[in-house]
Amino acid sequence: MITGFIGLGAMGRLMASRLVKAGFELLVSDLVPQAVSELTAIGAAARNTPAQIAGEADLICFSLPNSEVLSEVLTGPDGVFSAVRPGTLLIDFSSVAPNVSQRLAKEAETRGASMLDAPVSGGVLGAEKGQLTIMVGGQAEDLERAGSVLKELGKKIIHVGPHGQGQAMKLVNNLLLGINMVGAAEALTLGHKLGLNPQAMAEIIGQSSGASYAFSAKAEKFIFAGHFGPGFAVDLQYKDLELAVTMAKNLTVPLFMGNQAQQIFEVARAKGQGREDISSVIKLYEEAAKTLVRKDQ
Ligand code: NAD
């Protein structure tokens, strides 16, 4: 079986690496040449366009930034749909709008191919260790066919429902992640101003009722270390909150906290932090409170 992987960013490159190391024959593509050469160095083969991959692969994975890019990669002039062969299975690990997933899955079906939305949670660490949570929308028989790939990447693989439901679940999860990240930054800043030792906050809150994934994953490794490099980008979190907020408006569901969190990430973007990890929202609080929440400050 030949497998394709399109989108080799913070998540995709780690997921694709795992597949190569597990023995999958992998064809890869990304706009960034360095991302591609990292994969070819360990045994993957490069292709220039999504169409070239579709012409050869039996199964194609995607890890792309948003709905617009995913749509372009599938439906654009050199896109997957221009060359996809009947029977091909498409697995989309990106976080995109549920209605976009539904539309693309229908389009795949008209070409005799099938598609699963399979957004992931667990961050770069989960991607590296093959311990992602994978939320799947689509047909049960396609999920079964995807088994060997998904098992290599995830520790928890859940069939949520029909096309788009994996994405709906992911949006709800990431609404909570965004809110929790802002909450953790807010609380850590106050704690620091109160003179609490960062290590003590990490140990005690990490084991107490204030704990969350955002707190546990980001306090020590990112905030206390002053390291806001690759992780889960502010731009991507903003996109997920935008999708949640839009869906909530359509359904007349108030999102008091979600809208607030999105505005805070908007300020971070305006300050040029769009490519930084979401934990960099702490900088907004630090600036306002005139403090630095670092291990040795
Ligand atoms: P990223 O921006 O680091 O990577 C996206 C990759 O897609 C980049 O390498 C980019 O060059 C490539 N790309 C863009 N347009 C392309 C095109 N036309 N053809 C081929 N490649 C193209 O993003 P990421 O952090 O790896 O996230 C990928 C997806 O997974 C997003 O939808 C994100 O919301 C989701 N996600 C990310 C995390 C995380 O912790 N980073 C966690 C869970 C889910």
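Counting convention: from 1, in listed order, for ligands and their atoms alike.
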| query | Rounded to the nearest 0.5 Å, what separation is found between the CD atom of E242 and the CG atom of N259? | reply | 9.0 Å
| Partners of A97 by side-chain contact (heavy atoms from CB on, under 4.5 Å), sequence neighbours excluded? | S67, N99, V100, L243
| remark: Sorted by chain and residue number, the ring pair (Phe, Tyr, Trp, His ring centres under 6.0 Å) partners of F222 (sequence neighbours excluded) come out as H227
| Applying salt bridge (charged side-chain N to carboxylate O under 4.0 Å, His left out), which residue pairs with at least one partner in residues 255-270 are found, sequence neighbours left out? | D235-R269, E266-R269
| query | Taking it one step at a time, do R294 and E286 satisfy salt bridge (Lys or Arg N to Asp or Glu O under 4.0 Å)? | reply | CA-CA 10 Å; R294 302 287 176 273; E286 290 173 339; 2.7 Å; yes
| Side-chain donor/acceptor of H159 to backbone N/O of G138, under 3.5 Å | yes
Between the protein and ligand 1, are there any N or O atom pairs that come within less than 3.5 Å of each other, and if so, what are their names and distances?
residue  : atom   : partner : partner atom : Å
ligand 1 : 3 (O)  : A10     : N            : 2.9
ligand 1 : 9 (O)  : G9      : N            : 3.3
ligand 1 : 9 (O)  : D30     : OD1          : 3.3
ligand 1 : 9 (O)  : D30     : OD2          : 2.7
ligand 1 : 11 (O) : D30     : OD1          : 2.6
ligand 1 : 26 (O) : A10     : N            : 3.1
ligand 1 : 26 (O) : M11     : N            : 2.8
ligand 1 : 32 (O) : L64     : O            : 2.8
ligand 1 : 32 (O) : P65     : O            : 3.3
ligand 1 : 32 (O) : S95     : N            : 3.0
ligand 1 : 32 (O) : K239    : NZ           : 3.1
ligand 1 : 34 (O) : K239    : NZ           : 2.9
ligand 1 : 41 (N) : G231    : O            : 3.0

